[in-house]
Amino acid sequence: MEILWKDRKRLWCGLPWTFTVYSLSEDRLFVKRGFLSQEEDEVRLYRILDLSLKRSIIQRIFGLGTITVSSSDKTMKNFEIKNIKNSRDVKELISEHVEEQRDAKRIYGREYLNDDDEPDVDEG
């Protein structure tokens with residue numbers, strides 16, 4: 001598995017002194033947290049529904065940003081990729097790969113209109 005992007009959550013001043021690591025492969029986004037006890041979550045890119053970028057004045061001063069991810073994944077429904085460098089470029093990179101995965105798996109937005117686990121069925 002090739003890692004396309006990897007960064008560490010940074011403190012408000014841009015220093016990477018945290019134990020949260022984010023990484024992106026061609027088909028998944030990973031979040032690894034912890035030092036002694038580690039936890040790793042992943043979300044398949046085709047499950048990502050929306051991305052947004054927030055940059056406070058302090059984040060802009062230090063070249064950071066926070067990406068908010070909304071997904072249809074059970075364990076990682078909504079989460080943030082906090083205080084990362086080059087946040088706008090990273091958001092675009094994730095967005096491009098989300099679209100590629102949706103195209104490859106032939107998944108379209110209308111399949112996510114229902115919030116339940118039942119597939120859409122046309123009656124007629």
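Once rounded to the nearest 0.5 Å, the distance linking CG of Leu24 with CD of Glu2 reads 10.0 Å. Of the inter-residue distances, the one linking Lys9 atom NZ with Tyr22 atom OH reads 5.5 Å to the nearest 0.5 angstrom. Rounded to the nearest 0.5 Å, atoms OG1 (Thr66) and NZ (Lys54) are 6.5 Å apart. Remark: Thr20 OG1 to Glu80 CD distance equals 12.0 Å, nearest 0.5 Å. From Ser72, atom OG reaches atom NZ of Lys77 across 6.5 Å, with rounding to the nearest 0.5 Å.
Here the side chains of Leu29 and Leu45 are in contact, with some heavy-atom distance below 4.5 Å. Contact of the Ser25 side chain with the Phe30 side chain is registered, since non-hydrogen atoms from C-beta on lie closer than 4.5 Å. Proximity of Leu4 to Glu26: side-chain heavy atoms (C-beta onward) are separated by under 4.5 Å at one or more points.
Taking each heavy atom of Trp5 and Ile3 in turn, the nearest pair found is O-CG2, 3.3 Å. Arg8 and Pro16 get closest at one heavy-atom pair: CD-O, 3.0 Å. The two residues Lys105 and Tyr46 make their nearest non-hydrogen contact at CD-CD2, 3.4 Å.
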Listed pairs under 3.5 Å, donor-acceptor, residues 81-98 side chains, sequence neighbours left out:
from	atom 1	to	atom 2	distance (Å)
Asn83	OD1	Gln59	NE2	2.6
Asn83	ND2	Arg10	O	3.1
His97	ND1	Glu100	OE1	3.4

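Although no hydrogens or angles enter the test, the distance criterion places no donor-acceptor pair under 3.5 Å between the side chain of Ser52 and the main chain of Ile67. Under the 3.5 Å distance criterion, the side-chain polar atoms of Arg55 are matched with a main-chain donor or acceptor of Leu64.
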Candidate pair Lys32 and Asp41, rule salt bridge (Lys or Arg N to Asp or Glu O under 4.0 Å), full reasoning | CA-CA 6 Å; Lys32 186 167 82 171; Asp41 287 312; over 6 Å; no
Start with the C-alpha gap between Arg28 and Met1, add the side-chain angles, then the distance that decides, and say whether side chain to side chain contact (heavy atoms under 4.5 Å, CB included) holds.
-> CA-CA 10 Å; Arg28 293 178 283 178; Met1 169 179 53; 3.4 Å; yes
From CA spacing to verdict: side chain to side chain contact (heavy atoms under 4.5 Å, CB included), Leu11, Thr18 | CA-CA 7 Å; Leu11 300 176; Thr18 65; 3.8 Å; yes
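Between Arg33 and Glu40, none of the side-chain N atoms (NZ, or NE/NH1/NH2) sits under 4.0 Å from a carboxylate O, so this pair counts as no salt bridge. Under a 4.0 Å N-O distance rule, the pair Asp73/Arg44 does not qualify as a salt bridge.
Sorted by first and then second residue, the ring pair (Phe, Tyr, Trp, His ring centres under 6.0 Å) pairs involving residues 50-93 (not counting sequence neighbours) are Trp12-Phe62.
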